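Scroll down for the structure; my scribbles are underneath it.
Keep in mind that this is a model prediction, so the values were computed, not measured. To find a chain, count down the sequence lines: A is the first, B the second, and so on, and within it residues start at 1.
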Amino acid sequence: MKTLPKQCDILKIEEKWQKEWEEMGVYHFDWKDKHRPTYVVDTPPPYPSGDFHMGNALNHTYFDIVARFKRMQGHNVLFPQGFDCHGLPTEVETEEHYNIKKTELPLEEFIGLCNQFVDKYITIMRTAIKRLGCSIDWTTEYQTRNPDYWRKTQLSFILLHKKGYIYQGTHPINWCPHCETAIADAEVEHQPKQGQLHTIRFQLENGQHKAIATTRPELLSSCVAVAVHPDDERYQKHIGKNIRIPTTNRAVKIVADELADPDFGTGVMMICTYGDKTDVKAAKTRKLPIIMSIDEEGRMTEKAGKYANLAIEEARRAIIADLEKQGLLEKSELIQQEVGQCWRCRTPIEILERKQWFMKTRQLTPQVEKTANDIKWYPDYMKTRLIDWARSLEWDWVISRQRVFATPIPIWYCRKCNEIILAEEGWLPIDPRKDPPKIKDCPKCGHDQFIPETDVLDTWFDSSISCAVHAGWPDRKDWHRFYPADVHPSGTDIIRTWAYYLMVRHLALFNQTPYKSCLINGMVLGTDGRMMHKSLGNYIASPEVISKYGADAARQWAASGGATGSDIPFRWADVEYGWRFLRKLWNAARFASQHLQDHRPTENVKLELLDRWLLSKLAKVVQKATSALEECQFNIAAEEIRNFTWHTFCDSYIEAVKHRLYKPETYGESKRKAAQHTLYLAIYRILQLLAPIIPHTTEEIYQTLYAEDKRHLSIHVSPWPVPDKTLMDEEAERCGDLIIAVIEEIRRDKAEKKKPLNTLMKNVTIYAGTAESARILNLAQESIIGTCKIAKMKILAQKGKGKEVRDYPNVRFVAEY
RNA sequence: GGGCCGGUAGUCUAGCACGGUUAGGACAUCUGCUUGACGUGCAGAAGGUCGCUGGUUCAAAUCCGGCCCGGCCCA
């Protein structure tokens with residue numbers, strides 16, 4: 001056995017092993033292996049933003065611990081990594097960086113520029129993921145922008161289309177006038193905002209006026225009805241009559257509707273197509289006409305009359321000014337309102353009626369609910385988030401986007417008869433924006449010219465087939481062997497997107513759950529307790545932490561920072577504690593290695609009481625840590641193992657066997673051998689238990705001390721320890737606890753008397769209080785004398801005076817120095 | 001307004017599903033010692049109305065009701 005050096009450069013060790021693991025292929029998934037059970041991680045493909053933040057570090061650590069744990073338990077672990085490349089942020093960054101609009105460049109050039117950003121950021125993120133020490137099989141890497149991935153995304157579109165899940169429809173959709181695209185419900189953020197509530201006079205048929213309060217006077221031209229609450233006595237007599245809208249002079253009906261809140265404004269509400277979702281609901285149930293006053297760019301349409309072409313805000317001001325001139329504006333007051341905004345650019349969203357592609361997701365809600373209840377959730381209560389979300393959806397999923405950098409929709413239209421031409425499987429991948437369909441004539445009318453669909457797919461449409469793609473669908477015949485995934489990790493923030501879309505996509509495609517369990521991580525909070533966000537100035541990127549304390553320290557923060565699923569504050573103190581723990585472990589192993597030079601593993605050892613005490617406690621730690629990891633309770637596992645290592649093993653056990661190791665001539669060679677045996681076994685087990693959490697440090701120690709004997713390629717493929725029942729020894733634990741308590745109390749006595757711990761004690765008399773305690777202490781006389789440096793010691797069964805041993809009120813001792 | 005989660009020493013957190021130990025731990029603070037693995041480590045001290053309030057019970061941080069506060073998501 002080699003000894004560990006005194007110096008340990010954790011950062012260097014980490015980078016060394018990251019390289020070697022890859023060269024050794026320790027984490028390669030064996031696609032052909034039919035013996036070991038498989039374990040498949042549905043690794044989230046991060047968006048290449050260029051930032052691998054502590055939130056990424058948290059969730060990657062979670063499932064890397066799971067992957068390593070399962071691998072050691074004998075599973076053939078498929079731990080892939082992809083990147084979710086498409087999307088608005090990159091387009092926006094490209095537009096801003098080059099100061100261009102996506103429409104000003106040829107399609108391919110613009111996509112080329114986007115790709116440059118993605119290339120750069122993927123390199124950064126791949127490095128960051130590797131630097132965290134994730135046990136990923138990098139031969140599985142995929143990128144959603146690659147033609148091969150397009151093929152799969154497009155194939156899933158075609159299959160769903162054929163199954164009737166995909167339809168084109170004119171529906172009210174959330175629209176971002178800045179990004180000029182439809183966005184999904186999940187992408188709408190609700191923000192409190194200060195707005196103005198204007199009270200405007202509408203003219204009744206009899207020439208009188210009624211006041212209506214609205215925050216959006218620019219939608220007067222879209223007003224299709226006016227509603228009052230059915231029980232509102234003030235307006236009973238007007239229900240069913242007409243009322244004239246100022247600025248347009250159009251008349252609409254006054255209707256009774258419970259949506260109108262009698263206490264808000266004047267109690268009279270405009271129904272416009274569309275101001276918000278309430279309008280959508282009212283317009284639909286009452287079959288009201290739809291008047292679109294706002295266009296895709298956020299400008300007023302010709303429906304707005306003289307205000308046409310004005311931007312929304314401009315139109316609002318102009319209308320208010322005109323109303324004021326006409327004496328139709330009663331008042332304007334400030335109010336707090338909730339505004340739906342685009343999650344990317346924070347522009348208030350509009351609801352437009354537009355042709356879009358949809359996926360029928362709502363009809364799957366009962367199945368989503370059933371599946372969510374069938375699978376396992378860590379922690380369990382998180383399943384309600386998915387179920388509540390699915391139940392609350394009012395619209396199907398809008399899957400088309402009016403952007404560029406995304407997977408194209410494989411559709412063309414016949415120029416003459418408008419027939420939809422759906423690509424065939426063999427044509428994929430295909431970009432209709434560049435390529436015509438591979439048929440000569442329209443199958444319906446025979447015309448030979450086609451118009452491409454220029455809309456593209458929502459990026460969630462790419463990433464929501466990950467479970468099938470990881471398994472090798474559609475190319476591997478045996479992909480069902482690796483499907484469903486065993487674990488799907490998700491942040492609390494993306495349950496309603498990724499976890500949900502995965503579920504509906506796979507249910508629709510394969511009628512089977514995409515994942516057997518869902519592992520939830522909370523959000524990372526900044527040191528100020530608020531969500532970690534760049535804009536809040538409390539942001540810390542993982543390279544900053546790792547370059548200071550290393551990945552193993554950062555991983556300990558992630559594992560131990562709080563209960564799985566709860567929000568975890570980032571704490572430097574936790575990382576530093578982790579770092580100190582690594583050093584403690586290193587030194588304990590180094591100490592052992594110095595005393596194990598002549599040790600040869602053998603079964604033939606007669607263990608001392610304290611050896612059996614330690615091994616019994618260790619067996620229980622194995623048991624507790626294993627069940628904690630099975631339940632993804634990383635904090636409990638980490639605490640259990642670290643406390644055992646630091647306190648039980650280092651502080652109590654090692655201190656209590658030093659005399660045996662150093663002075664075999666006094667205490668006997670066999671007692672030294674017993675201590676060696678115990679050290680050798682205990683450190684190996686500790687390293688294994690810690691390996692999923694701190695893979696680098698444990699590997700370095702394993703390779704130096706144990707590899708030669710144990711012969712595993714890496715500690716990460718060594719078999720996970722099974723709690724050894726034969727080592728569990730209640731009697732040894734009971735006795736050992738008393739002995740350790742006495743030793744600690746004597747050390748405490750020295751500390752209280754301000755004496756150095758190696759002070760020789762002239763005389764110690766222990767009053768054990770009972771014959772049984774005396775018997776136990778007599779068994780360990782040497783350990784007490786040797787550990788506490790006692791010249792003469794007497795153990796008496798009787799009760800006596802002196803210092804009381806903590807937790808053992810009958811046991812006391814008197815010490816002379 | 002609805003749903004979910006949380007409220008435990010200066011800070012953060014465990015315990016709560018199955019009520020009963022002196023409410024465990026980390027950081028920070030203070031005090032000693034530095035022992036032949038430890039760029040330190042060890043030992044100790046101080047710090048708590050377990051959000052508030054009612055109830056169930058011999059017994060509540062834990063179970064039930066109400067309220068207050070915070071977070072997240074949604075309307």
**Asked** Between A:T384 and A:A573, which has a closest nucleotide on RNA chain B that is more 5'?
**Response**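 The residue whose closest nucleotide sits nearer the 5' end is A:T384.
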**Message:** Can you work out whether A:K755 or A:A588 has the more 5'-proximal nearest nucleotide on RNA chain B?
**Reply:**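 Between the two, 5'-proximity favours A:K755.
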Nearest-angstrom distance from the residue atom [atom1] of [X] to [atom2] of [N]:
X: A:M523; N: B:C5; atom1: CE; atom2: P; value: 16 Å
X: A:H595; N: B:C38; atom1: NE2; atom2: C1'; value: 13 Å
X: A:I683; N: B:C38; atom1: CD1; atom2: C1'; value: 13 Å
X: A:L661; N: B:U35; atom1: CG; atom2: C1'; value: 15 Å
X: A:W389; N: B:A75; atom1: CH2; atom2: C1'; value: 11 Å
X: A:I568; N: B:C5; atom1: CD1; atom2: C1'; value: 13 Å
X: A:Y500; N: B:C74; atom1: OH; atom2: C1'; value: 15 Å
X: A:Y577; N: B:U40; atom1: OH; atom2: P; value: 15 Å

Span that lies between the [atom1] atom of [M] and that of [N], in whole angstrom:
N: B:C50; M: B:A61; atom1: C1'; answer: 5 Å
N: B:G7; M: B:U53; atom1: C1'; answer: 15 Å
N: B:G48; M: B:U22; atom1: C1'; answer: 13 Å
N: B:G32; M: B:A46; atom1: C1'; answer: 15 Å
N: B:A23; M: B:G6; atom1: P; answer: 23 Å
N: B:C74; M: B:G10; atom1: C1'; answer: 36 Å
N: B:U62; M: B:C52; atom1: P; answer: 10 Å
N: B:U56; M: B:C69; atom1: C1'; answer: 26 Å

Pick base, sugar-phosphate or nothing for [X], based on heavy-atom distances below 4.0 Å to the nucleic acid.
X: A:K754; answer: sugar-phosphate
X: A:A563; answer: sugar-phosphate
X: A:K750; answer: nothing
X: A:Q7; answer: base
X: A:C788; answer: nothing
X: A:E655; answer: base
X: A:D651; answer: sugar-phosphate

**Message:** For A:A625 versus A:A637, what's the shortest heavy-atom pair and its separation?
**Reply:**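 Closest pair (atom of A:A625, atom of A:A637, distance): O-CB, 4.2 Å.
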Nearest of [options] to any side-chain atom of [X]?
X: A:N635; options: B:C72, B:A14, B:U34; result: B:A14
X: A:I636; options: B:U13, B:G15, B:C72; result: B:G15
X: A:D388; options: B:G36, B:U35, B:G3; result: B:G3
X: A:R583; options: B:C4, B:U40, B:G36; result: B:U40
X: A:D567; options: B:G71, B:C33, B:G36; result: B:G71
X: A:L757; options: B:G32, B:C42, B:C38; result: B:C42
X: A:N587; options: B:A43, B:G24, B:C38; result: B:C38
X: A:Y381; options: B:G39, B:C5, B:U34; result: B:C5
X: A:P756; options: B:A26, B:G36, B:C33; result: B:C33
X: A:R590; options: B:C4, B:A26, B:C38; result: B:C38

Report yes if a side-chain nitrogen or oxygen of [X] is closer than 4.0 Å to either non-bridging phosphate oxygen (OP1 or OP2) of [N]; otherwise report no.
X: A:K6; N: B:C38; value: yes
X: A:R748; N: B:G44; value: yes
X: A:R580; N: B:G41; value: yes
X: A:W646; N: B:A26; value: no

Inspect the contact between [Y] and [X] and indicate whether a charged nitrogen and a carboxylate oxygen are less than 4.0 angstrom apart.
X: A:R747; Y: A:D651; result: no
X: A:E730; Y: A:K620; result: yes
X: A:D380; Y: A:K383; result: yes
X: A:K671; Y: A:E782; result: yes

**Prompt:** Looking at the rings of A:F591 and A:W586, which for Trp means the six-membered one, are their centres under 6.0 Å apart?
**Reply:**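 Ring centroids of A:F591 and A:W586 are no less than 6.0 Å from each other.
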**Item:** Aromatic ring proximity, centroids under 6.0 angstrom, A:W572 and A:F570
**Value:**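 Between A:F570 and A:W572, the centre distance is under 6.0 Å.
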**Asked** Do the ring planes of A:Y680 and A:Y706 sit parallel (below 30°), tilted (30 to 60°) or perpendicular (above 60°)?
**Response**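 The arrangement is tilted - the two ring planes meet at 30° to 60°.
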Which pairs, protein N/O on one side and nucleotides 19-22 of chain B N/O on the other, fall under 3.5 Å?
from, atom 1, to, atom 2, distance (Å)
B:U22, O4, A:D807, OD1, 3.0

Going by atom types alone, do [X] and [Y] pair a side-chain donor with an acceptor below 3.5 Å?
X: A:Y817; Y: A:N763; answer: no
X: A:R642; Y: A:S560; answer: yes
X: A:E350; Y: A:N174; answer: no

**Request:** Assign B:A17 to syn or anti; the rule is syn for a glycosidic angle within 90° of 0 and anti otherwise.
**Result:**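 For B:A17, whose glycosidic angle is within 90° of 0, the conformation is syn.
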**Item:** Donor-acceptor under 3.5 Å (A:D737 side chain, A:R734 main chain)
**Value:**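 Answer holds: no.
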**Asked** Given Watson-Crick or G-U pairs with both distances under 3.5 Å, what dot-bracket string fits RNA chain B, with | for other-strand pairs and [ ] for crossing?
**Response** (((((((..((((......[...)))).(((((.......))))).....(((((..]....)))))))))))).
**Message:** Using a 6.0 Å distance limit plus a 45 degree cone around the ring axis, check whether A:R583 lies over the aromatic ring of A:W579.
**Reply:**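 Judged by the rule (NZ or CZ under 6.0 Å from the ring centre, within 45° of its axis), A:R583 counts as positioned above A:W579.
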